[in-house]
Amino acid sequence: MSHLQIPPEILAVFHNFRTTELSSIAKDGTPITWPVTTAFDETAGIFIAFTSIGLPQKAYNMRRNPKVSLLFSEPKASGLKNPPAVLVQGDAEVSEDITTIAGLESVWDKIFRFQPASKATHGSALSRYLMDWYYMRLRIVIRPKMIRYWEDGDFSQAPKELSYVG
Amino acid sequence: MWDKLLKLIPAYSPVVFNAIDESGYPFSMRCRPVLDEKEKVLRIPASDYLKLQAGAASLLCHYHDEQLWNLTSFVVRGHIEIGTNEYIFHPTQFIDGAGTTFKHQIRVIQEGRSAAKKYLEKRGLPRPKIPWDEVKARYRRAQES
């Protein structure tokens, strides 16, 4: 993906949307989707995400079936005017190692910048005791295969296809 | 569950509709489902370009404020059948996610601690030590940037 030209308006979505809706496929084939924050590494052409071992189901799903999607459809607080909605489909790889910061710096930087109240998860001795599991993280790398986008977030129109890496 | 959907789906619309497309990957889009009270299904308009498989599907409803806080979310599991110019979503399970009430937060902490303990025990791993000073420093730098 790194050689592909991603238009600036799409990159702006990847970098400024607060959340993306991440779908993984459950054992029975159901796409299960939850909002997460991701970081896009433009040089490597990959998305970095993570999940706590206290919420491991999406990691289990991805280890069983790596097919995932990311929908960027909530522009709130992004500062972007009439941004497109973007759907990324790709393959996920979940680390076996549990980490807190290493390899996840770009994602934490976004969360801590976008979410001032996240201090509640580490700001007191009690919260550090109750929430240590929140910081036990599995790194998720998502390699895009297909990117589609809908101008102005209008899903009634057919999306434009940005790229396909077979 | 149906009464809950009647109340919540309009409040969160457009909701995120998730299914599997012809390539076998998850496909998501925003939509405004019509709640069919008689059949207890949700009817989702199908544009010509959509190539979704009949079968397992879900809906995600979520909210955050301008500060990425006051998070609320839930997922509705179900399956779709392909109708005429529409997908017919049959809801089967309501999965609670984030919430702002004290009860919600206690549940998240209890479930998170329990799941993490099981994850570590299953693999024979010691409980990792969190580098709190590094976490706090990273938070401070991010807030100052």
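Reminder, nothing fancy here: chain letters follow the sequence lines and each chain counts from 1. Quick caveat: nothing in here was measured; it's all calculated off a predicted structure.
Taking chain A as the reference chain and counting heavy-atom pairs below 4.5 Å, the highest number among B/Leu71, B/Leu59, B/Val16 is found for B/Val16. Per-residue heavy-atom pair counts under 4.5 Å with chain B were compared for A/Ile111, A/Leu55, A/Ile32, and the maximum is reached by A/Ile32. Of the listed residues B/Cys31, B/Ala115, B/Gly112, B/Pro14, the one with more heavy-atom pairs under 4.5 angstrom with chain A than any other is B/Gly112. Each of B/Leu68, B/Ile130, B/Leu120, B/Val75 has some count of heavy-atom pairs under 4.5 Å with chain A, and the biggest count is that of B/Leu68. Taking A/Ala120, A/Gly29, A/Pro35 one by one and counting their heavy-atom pairs under 4.5 Å with chain B, the maximum is reached by A/Pro35. Per-residue counts of heavy-atom pairs under 4.5 Å with chain B were compared for A/Gly123, A/Ala26, A/Pro159; the largest is that of A/Pro159. For chain B, the option among A/Gly153, A/Gly90, A/Pro116 with the highest count of heavy-atom pairs below 4.5 Å is A/Pro116.
Contact annotation for A/Leu104: neither backbone nor side-chain heavy atoms come within less than 4.5 Å of a heavy atom of chain B. Of the two parts of A/Ala85, neither the backbone nor the side chain holds a non-hydrogen atom closer than 4.5 Å to a non-hydrogen atom of chain B. Using a 4.5 Å cut-off between heavy atoms, A/Ile98 contacts chain B through its side chain alone, with no backbone atom that close. Contact annotation for B/Phe27: both backbone and side-chain heavy atoms come within less than 4.5 Å of a heavy atom of chain A. In this structure, chain B has a heavy atom under 4.5 Å from the side chain of A/Pro56, while its backbone stays farther away. Contact annotation for B/Ile95: both backbone and side-chain heavy atoms come within less than 4.5 Å of a heavy atom of chain A. Heavy atoms closer than 4.5 Å to chain A are found in the side chain of B/Leu125, but not in its backbone. Looking at B/Val135, both its backbone and its side chain come within 4.5 Å of chain A, counting heavy atoms on both sides. Looking at A/Leu71, only its side chain comes within 4.5 Å of chain B, counting heavy atoms on both sides.
Grouped by direct or indirect side-chain proximity (heavy atoms under 4.5 Å, Ile/Leu/Val/Met/Phe/Trp/Tyr only), B/Val41 sits with B/Ile88.
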If you check both backbone and side chains, which donor-acceptor pairs between chain B and chain A fall under 3.5 Å?
unit_1: B/Asn18; atom_1: OD1; unit_2: A/Thr33; atom_2: OG1; d: 3.2
unit_1: B/Asn18; atom_1: ND2; unit_2: A/Thr33; atom_2: OG1; d: 3.1
unit_1: B/Asp21; atom_1: OD2; unit_2: A/Gln89; atom_2: NE2; d: 2.9
unit_1: B/Tyr25; atom_1: OH; unit_2: A/Asp91; atom_2: OD1; d: 2.7
unit_1: B/Tyr25; atom_1: OH; unit_2: A/Asp91; atom_2: OD2; d: 3.4
unit_1: B/Pro26; atom_1: O; unit_2: A/Gln89; atom_2: NE2; d: 2.9
unit_1: B/Ser28; atom_1: OG; unit_2: A/Ser23; atom_2: OG; d: 3.4
unit_1: B/Arg30; atom_1: NE; unit_2: A/Ser73; atom_2: OG; d: 2.7
unit_1: B/Arg30; atom_1: NH2; unit_2: A/Glu21; atom_2: OE2; d: 2.8
unit_1: B/Arg30; atom_1: NH2; unit_2: A/Ser73; atom_2: OG; d: 3.2
unit_1: B/Tyr49; atom_1: OH; unit_2: A/Trp150; atom_2: NE1; d: 3.0
unit_1: B/Tyr49; atom_1: OH; unit_2: A/Phe155; atom_2: O; d: 2.6
unit_1: B/Ser58; atom_1: OG; unit_2: A/Pro31; atom_2: O; d: 2.5
unit_1: B/His62; atom_1: NE2; unit_2: A/Glu21; atom_2: OE2; d: 2.7
unit_1: B/His64; atom_1: O; unit_2: A/Lys76; atom_2: NZ; d: 2.9
unit_1: B/Leu68; atom_1: O; unit_2: A/Gln115; atom_2: NE2; d: 2.7
unit_1: B/Arg77; atom_1: NH2; unit_2: A/Asp28; atom_2: OD1; d: 3.0
unit_1: B/Arg77; atom_1: NH2; unit_2: A/Asp28; atom_2: OD2; d: 3.2
unit_1: B/Arg113; atom_1: NH1; unit_2: A/Tyr129; atom_2: O; d: 2.7
unit_1: B/Tyr119; atom_1: OH; unit_2: A/Arg63; atom_2: NH1; d: 3.2
unit_1: B/Tyr119; atom_1: OH; unit_2: A/Arg63; atom_2: NH2; d: 3.2
unit_1: B/Arg127; atom_1: NE; unit_2: A/Asp132; atom_2: OD2; d: 2.9
unit_1: B/Arg127; atom_1: NH2; unit_2: A/Asp132; atom_2: OD1; d: 2.9
unit_1: B/Arg127; atom_1: NH2; unit_2: A/Asp132; atom_2: OD2; d: 3.4
unit_1: B/Arg138; atom_1: NE; unit_2: A/Asp109; atom_2: OD1; d: 2.8
unit_1: B/Arg138; atom_1: NH2; unit_2: A/Asp109; atom_2: OD2; d: 3.1
unit_1: B/Tyr139; atom_1: OH; unit_2: A/Pro116; atom_2: O; d: 2.5
unit_1: B/Gln143; atom_1: NE2; unit_2: A/Phe112; atom_2: O; d: 2.6

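Cluster membership for A/Met146 and A/Ile25, using ILVMFWY side-chain heavy atoms within less than 4.5 angstrom, is not shared. A continuous path of ILVMFWY side-chain contacts below 4.5 Å connects B/Val76 to B/Met29, so both sit in one hydrophobic cluster. In the hydrophobic clustering of this structure, A/Ile46 groups with A/Ile142; members are Ile, Leu, Val, Met, Phe, Trp, Tyr whose side-chain heavy atoms approach within less than 4.5 Å, directly or through other members. One hydrophobic cluster, built from ILVMFWY side chains closer than 4.5 Å, cannot hold both A/Ile140 and A/Leu87; they sit in different ones. Hydrophobic clustering (ILVMFWY, side-chain heavy atoms < 4.5 Å, transitive): A/Leu22 and B/Val15 are in distinct clusters.
Pairs engaging residues 73-99 of chain A under the ring-ring contact (aromatic ring centres under 6.0 Å, His included) rule: none recorded [sequence neighbours left out]. Judged as a ring-ring contact (aromatic ring centres under 6.0 Å, His included), not a single pair has a partner in residues 80-101 of chain A (not counting sequence neighbours).
Across A/Pro31 and B/Pro26, no two heavy atoms sit closer than the pair CB-CB, 4.4 Å.
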